[in-house]
Structure formats: structure tokens, C-alpha cells
Amino acid sequence: MSALRSMVFPASGAGRVLTGIAIISVMLVPNPGLAKQAVPGEAAEIARCIRVAARGRSWLEKTLWGLRTQEAGWLGAEIANANGTHDLGPLQINSSWVPKMSRLLERPQEQVRHWLRYDPCFNVEAARWIFLTGLETSGDYWKAVGVYHSPTEWRQRAYAKKVASHMRRQFGPDVFAASRGNLVR
């Protein structure tokens with residue numbers, strides 16, 4: 001895991017990582033407000049953002065696609081949850097992450113929330129960060145997939161099964177086979 005950790009998690013702090021996300025996101029989508037109106041090209045833009053966020057790691061790209069397919073959000077999405085939070089944008093980032101991202105980025109919460117809803121690359125990069133943080137903390141790939149969705153263990157397990165199912169459908173039944181390069185290579 002230490003080799004994977006050093007490859008996936010640079011020595012920089014979380015604030016620098018999120019700052020990098022914001023900078024990359026702004027460079028890739030110069031005006032998030034315009035993305036809201038680009039409905040015909042929305043799927044292609046989200047796909048491009050996933051490719052960029054994976055940084056050449058096939059296993060991470062497949063993971064992000066699994067999360068994307070399960071979440072099925074869209075630009076501008078703000079879906080209310082029973083607990084008072086909202087799921088935002090294409091990968092349905094829970095609004096409970098907004099205060100932490102806001103502190104790390106040193107940006108107002110309203111701005112971070114706007115980026116999550118309307119900037120597809122910022123949304124995907126945030127999903128990447130949440131997943132990789134869960135992976136670094138737990139050391140367990142499927143636990144990290146589940147943590148992306150919920151802090152509750154039984155919900156994590158159910159969610160991870162759904163994501164795995166999407167990944168098998170999208171990438172074939174041997175998506176997790178070691179002979180095909182394994183998922184985390």
C-alpha cells in the first residue's frame with residue numbers, strides 16, 4: 001500500500017491538493033456558468049473531466065466512472081437528502097463536504113458550492129479527492145468506495161456493491177481480474 005500511497009497521494013497537504021483542484025478546474029472550464037447551458041455537450045465534458053482527474057490511472061478512471069454511473073447527477077443538480085444535506089452536481093458531492101473544502105481552499109462556501117454544482121471538472125476532482133482520502137484513511141478500496149457515499153457501514157457495503165455492478169457492466173466481468181492488470185495498478 002505504501003507504493004500506491006506515494007503514487008496516489010503526494011506529500012503535499014490536503015489544502016494544496018484542493019487548491020490544485022480549484023486551479024485545474026478553473027483552467028479547464030473558464031466559466032462554470034457557461035457549463036450549465038452546455039447540456040448537449042455535458043456528457044462529453046464530464047467524460048473529459050474524469051479522464052483528466054484519473055491522471056492516467058486506469059483503476060482510478062474506472063472507479064470514477066463507477067461512482068458517476070451510480071450517482072447519475074447533472075450540471076446544476078442540487079438534490080435534497082432526508083438529513084438536510086444536498087447532493088451537488090454530476091457526481092452528487094454531498095454538501096457536508098462544502099465547509100471543509102471551503103476552509104482548505106480558503107474560498108467562501110457559496111463559491112465552493114457553486115463550483116460543485118456547475119463546474120464538471122471541479123465536481124469530478126472533488127469526487128476523486130473524497131474517494132482517495134477514504135482510500136488513504138482505510139487502506140481498503142471497497143471501503144473507500146462506500147465511504148464516498150455514507151459514514152454508515154451497512155450503507156457503504158450496499159453502495160460498493162452497486163458501484164461494482166456498474167463497473168462490471170461498463171468495463172466487462174473481468175474488470176477486477178488480476179490478469180488484466182488489477183484495478184489498482
Side-chain angles (χ1 to χ4, degrees), residues 4-36 38 41-79 85-138 141 144-149 159 163 166-167 183-184:
L4 175 64
R5 182 173 291 149
S6 64
M7 182 174 73
V8 174
F9 305 101
S12 62
R16 279 186 249 156
V17 171
L18 278 175
T19 300
I21 290 169
I23 292 167
I24 290 169
S25 177
V26 169
M27 288 183 338
L28 295 174
V29 180
N31 186 348
L34 293 177
K36 181 181 177 190
E42 185 174 313
E45 182 63 11
I46 294 167
R48 186 181 70 77
C49 294
I50 288 173
R51 242 182 352 272
V52 169
R55 309 223 194 342
R57 295 182 184 100
S58 175
W59 66 270
L60 184 53
E61 186 168 348
K62 291 173 183 176
T63 304
L64 291 170
W65 273 113
L67 296 172
R68 164 72 180 125
T69 303
Q70 176 59 34
E71 294 299 336
W74 59 92
L75 290 179
E78 183 171 3
I79 310 301
T85 63
H86 293 87
D87 291 334
L88 308 171
L91 273 86
Q92 296 288 274
I93 307 299
N94 191 279
S95 61
S96 65
W97 289 100
V98 170
K100 184 172 186 172
M101 291 180 182
S102 175
R103 281 191 308 276
L104 292 171
L105 289 169
E106 299 177 351
R107 297 289 187 193
Q109 289 187 28
E110 299 78 27
Q111 185 175 30
V112 171
R113 190 178 185 101
H114 180 83
W115 286 343
L116 287 170
R117 287 185 66 199
Y118 297 107
D119 184 329
C121 288
F122 185 82
N123 186 275
V124 170
E125 290 284 349
R128 176 188 192 275
W129 175 74
I130 293 166
F131 167 73
L132 290 177
T133 299
L135 183 59
E136 181 178 36
T137 302
S138 71
Y141 176 85
V145 169
V147 166
Y148 180 86
H149 174 68
Y159 184 82
V163 171
H166 292 303
M167 292 170 72
L183 189 62
V184 291

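Just so you know, residue 1 is the first one in the sequence shown, and it goes up from there. Computation of the quantities below employed the complete heavy-atom set of this structure, encompassing side-chain atoms and omitting hydrogens, waters and symmetry-equivalent molecules.
In this structure W74 satisfies the ring pair (Phe, Tyr, Trp, His ring centres under 6.0 Å) test with no other residue, sequence neighbours excluded. In this structure A72 satisfies the side-chain contact (heavy atoms from CB on, under 4.5 Å) test with no other residue, sequence neighbours excluded. Applying the side-chain hydrogen bond (donor to acceptor under 3.5 Å, both in side chains) criterion to Q109, with sequence neighbours excluded, gives no partner residue. Contacts of E61 classified as side-chain hydrogen bond (donor to acceptor under 3.5 Å, both in side chains), with partners at least two apart in sequence or in another chain: none. Residues passing the side-chain hydrogen bond (donor to acceptor under 3.5 Å, both in side chains) test with H149: none are found, sequence neighbours excluded. With sequence neighbours left out, the side-chain contact (heavy atoms from CB on, under 4.5 Å) criterion links S138 to D140, K143, A144. Residues satisfying the side-chain contact (heavy atoms from CB on, under 4.5 Å) test with R117, not counting sequence neighbours, are E78, L88. Every residue meeting the side-chain contact (heavy atoms from CB on, under 4.5 Å) condition with Q111, not counting sequence neighbours, appears here in chain and number order: R107, P108, W115.
The two residues V112 and S102 have their closest heavy-atom pair at CG2-CA, 3.8 Å. A pairwise comparison of heavy atoms in A126 and M101 identifies CB-CE, 3.5 Å as the closest pair. Across all their heavy atoms, L60 and A53 have their closest contact at CD2-O, 4.0 Å. For L91 against E71, the heavy-atom pair with the smallest separation is O-CG, 3.5 Å. Considering every non-hydrogen atom in both Y148 and A127, the closest pair reads OH-CB, 3.5 Å. Minimum interatomic distance between R48 and C121 (heavy atoms only, all atoms of both residues): NH2-SG, 3.9 Å.
Between the CD1 atom of I79 and the CG atom of N94 there is a distance of 12.0 Å, given to the nearest 0.5 Å. One distance of note links CD1 of I93 with OG1 of T85; it measures 12.0 Å at 0.5 Å rounding. Summarising the geometry, atom CZ belonging to R55 is positioned 4.0 Å from atom CD belonging to E125; distances are rounded to the nearest 0.5 Å. Rounding to the nearest 0.5 Å places OH of Y141 at 9.0 Å from CG of L135. In this structure, OG1 in T69 is found 10.5 Å from CG in L64, a value given to the nearest 0.5 Å. To the nearest 0.5 angstrom, R57 atom CZ is 8.0 Å from L132 atom CG.
Side chain of E45 to backbone of P120: no donor-acceptor contact under 3.5 angstrom is found. For the pair R113 (side chain) and S95 (backbone), a donor-acceptor distance under 3.5 Å is absent. With hydrogens and angles ignored, the 3.5 Å screen pairs a side-chain donor or acceptor of R68 with a backbone N or O of G73.
No option in V124, T63, L67 other than V124 meets the side-chain contact (heavy atoms from CB on, under 4.5 Å) test with I50.
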